[in-house]
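Note that ligands are numbered from 1 as they come in the structure, with each ligand's atoms numbered from 1 the same way.
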Amino acid sequence: MIDFKAKIAEELEKVVEIDKKELESYIEVPKDTKNGDYSFPCFKLAKELKKAPQMIADDIKEKINLEGTGIENLEVVGGFLNFFIEKETIAKEVLNEVASKEEYGRSKIGEGKNIVIDYSAPNIAKPFHIGHLRSTVIGGALSNIYKFLGYNVTGINHLGDYGTQFGKLIEGYKLWGDEYDIDKDPINELTKIYIRINNLCKEDEKVLEACRDNFKKLEDGDPYCTELWERFKNVSLKEFQRVYDLLGSKFESLNGEAFYADKMPEVIELLEKSGKLTESQGAKIIDLSDVGIDTPCIIIKSNGSSTYATRDLAAILYRARTYDYDKALYVTSYEQILHFKQIFAVAKYLGLEEKYIKGLKHVSFGMVLLPTGKMSTREGTSIKLEDLLNEAIERAKKVIEQKNHDLEDKEETAKKVGVGAVIFNDLSNNRVKDEIFDWDTILNFQGETGPYIQYMYVRIRSVLEKAGGIPNIADVNVAKLNDTYSQEVLKLIYNFEDTLVAVTEKEEPSILSRYLIDLAKAYSSFYNENKIMVDDKEVQDARVYLSYATAKVLKEGTALLGMEMPNKM
Ligand code: ARG
């Protein structure tokens, strides 16, 4: 497809003699199409050219040659140059691209670049709760999008399978193991033990000490502790898998925290060598006050056991060497901001190449709030994600039954709609915002929701069916798509790849969710304003083809978010 932005920048370069890459970076897509399809803010050049923006704009307008660029009109408004794309050119570009590509928008811009995404990462023997949903869904969407753009992606489920909590579980099991039926309902039963032992720890310092010792023993390879740990891990993974199956999540690696157990001594050695490791009340720490972080990073606790941070440092070393990453993303809630600040700061003392330090990025997100407030495993108030997804499916089924009672494969459709609704909701707002989980909003077919997009897609499919299939692109007369509504849809489709690139620049999948809502709405207006089945065969074919292109992008886009499209609903 023609890259209109690049074309404009090329022509601007000839007039103002400033590098076209720089010029291109200033070009905006105006919110209101009255201001053109692209806009160039001339004040960006005012300093360099020592002229008022308005004068720069007038000057450029006079000198620029837009012939053959696909731009049909240029207006000066204030200090802005507003460019308007030729209607037929955009229609031709977009529809031909859709026709010629199996997957519209797939690209190779990321070729040769390695992205590591650390996400999901639930904790063994604790419920997979709604808080982990966000990590799984955001990380999964990012992974799909990076892959679609040609990057080499390694998705890692950094399972919480190590740490003091296992010392606690082992202690609880020792004390009351025979009171609980772990094989029947593993995570529930283990959670009960965990809550009970935690309460005991709060009352009795000695019990807490015993728990810490258990973990130390586990690290030292004690057979009893190791066997129990393995059992807890296996039963938990089996349960997690049910959630991953529902969500369609797949990981390239399941190396959890325990994987790094034998890789920590090197971290400690390197930190010793750096001269930054100091003793403090029997523990070994790195003081970070010189880089503006008040809380020191604990590397070895006073009883000699490792920490969450030590394991993450070992993981950075391992990932740099194994995956040679350009970016290493960590998708967790903002509660861990300090943790990642600390380990990224300490990572500088591991002697890694600068590129690996630069590539580290915490992709934080807000909490999921229930109408009743925050959730915590320790107090036992968390909702299990599996229950939540199943409830979504049940609720979707009820809505579908009301709307389309005779639908075949209701179960399959309810699954796609219910799970899709939860996924979309999770990705529909800026990730750093807290999210309130409310069923009626999520499943509203008329709202800015997953089901709304699915519904629009299903409607387009029935349009295509009524039209008797998709016309041959060679027979499509693009001049029949000059009306505002068609143009609006075309421009959005044109921007699909740019939208995906924007997601990777900010690690923000909501940019794609927003885009899909805009596209579905633009199609809805197009559909309401333009009759599709008309006597004029040329008009009909062009409109049908545009409908087909829209459906294609809606399906690809939602798939990148991790959703599935129903054929009917
Ligand atoms: N298991 C942790 C939790 O549930 C998240 C791990 C995130 N990844 C990491 N490399 N620290 O909070």
- Closest protein heavy atom (residue, atom, distance) for atom 12 (O) of ligand 1: Gln336 NE2, 2.8 Å

- Task: Say whether Asp312, considering both its backbone and side-chain N or O atoms, lies within less than 3.5 Å of an N or O atom on ligand 1.
- Result: yes

- Message: Looking at ligand 1, would Arg311 count as a contact under a 4.0 Å heavy-atom criterion?
- Response: no

- Query: How are the rings of Tyr325 and Tyr356 set relative to one another: parallel (under 30°), tilted (30 to 60°) or perpendicular (over 60°)?
  - Reply: perpendicular

- Considering distance alone, does some N or O of Asn123 sit under 3.5 Å from an N or O of ligand 1? yes

- Message: Looking at every non-hydrogen atom in both residues, tell me the closest pair between Glu508 and Arg431 and how far apart they are.
- Response: OE2-N, 3.1 Å

- Query: Is there a donor in the side chain of Ser120 and an acceptor in the side chain of Tyr244, or the other way round, less than 3.5 Å apart?
  - Reply: yes

- Give me the ring orientation class for Tyr323 and Tyr318: parallel if the planes are under 30° apart, tilted from 30 to 60°, perpendicular past 60°. perpendicular

- Message: A quick test of your reading: do over 12 heavy atoms of other residues, nucleotides or ligands sit less than 6.0 Å from NZ of Lys398?
- Response: no

- Query: Starting from atom 8 (N) of ligand 1, which protein heavy atom do you reach first, and at what distance in Å?
  - Reply: Asp118 OD1, 3.0 Å

- Query: Judged by non-hydrogen atoms, does Glu335 sit under 4.0 Å from ligand 1?
  - Reply: no

- Message: Using a 3.5 Å cut-off on N or O atoms only, is Ala121 in polar contact with ligand 1?
- Response: yes

- Message: side-chain hydrogen bond (donor to acceptor under 3.5 Å, both in side chains) for Thr191 and Asn188? Distances and angles first, verdict last.
- Response: CA-CA 5 Å; Thr191 306; Asn188 250 335; 5.2 Å; no

- Message: Would His132 count as being in polar contact with ligand 1, using the rule that some N or O on each side must be under 3.5 angstrom apart?
- Response: yes

- Quick look: Phe340 vs ligand 1, heavy-atom contacts under 4.0 Å, and the answer is side chain

- Can you tell me the protein heavy atom closest to atom 9 (C) of ligand 1 and the distance? His158 CD2, 3.4 Å

- Asp220 and Lys216 ion-paired at < 4.0 Å: yes

- Query: What protein heavy atom is closest to atom 6 (C) of ligand 1, reported as residue, atom name and distance in Å?
  - Reply: Tyr308 OH, 3.2 Å

- Query: In terms of the angle between their ring planes, are Phe251 and Tyr119 parallel, tilted or perpendicular, with boundaries placed at 30° and 60°?
  - Reply: tilted

- The atoms of ligand 1 lying under 4.0 Å from a heavy atom of Tyr330, numbered in the order shown, are 10 (N)

- For Thr332, the ligand 1 atoms whose distance to one of its heavy atoms is below 4.0 Å: 7 (C)

- Message: Check this for me: does any side-chain nitrogen of one of Glu189 and Lys192 sit under 4.0 Å from a carboxylate oxygen of the other?
- Response: yes

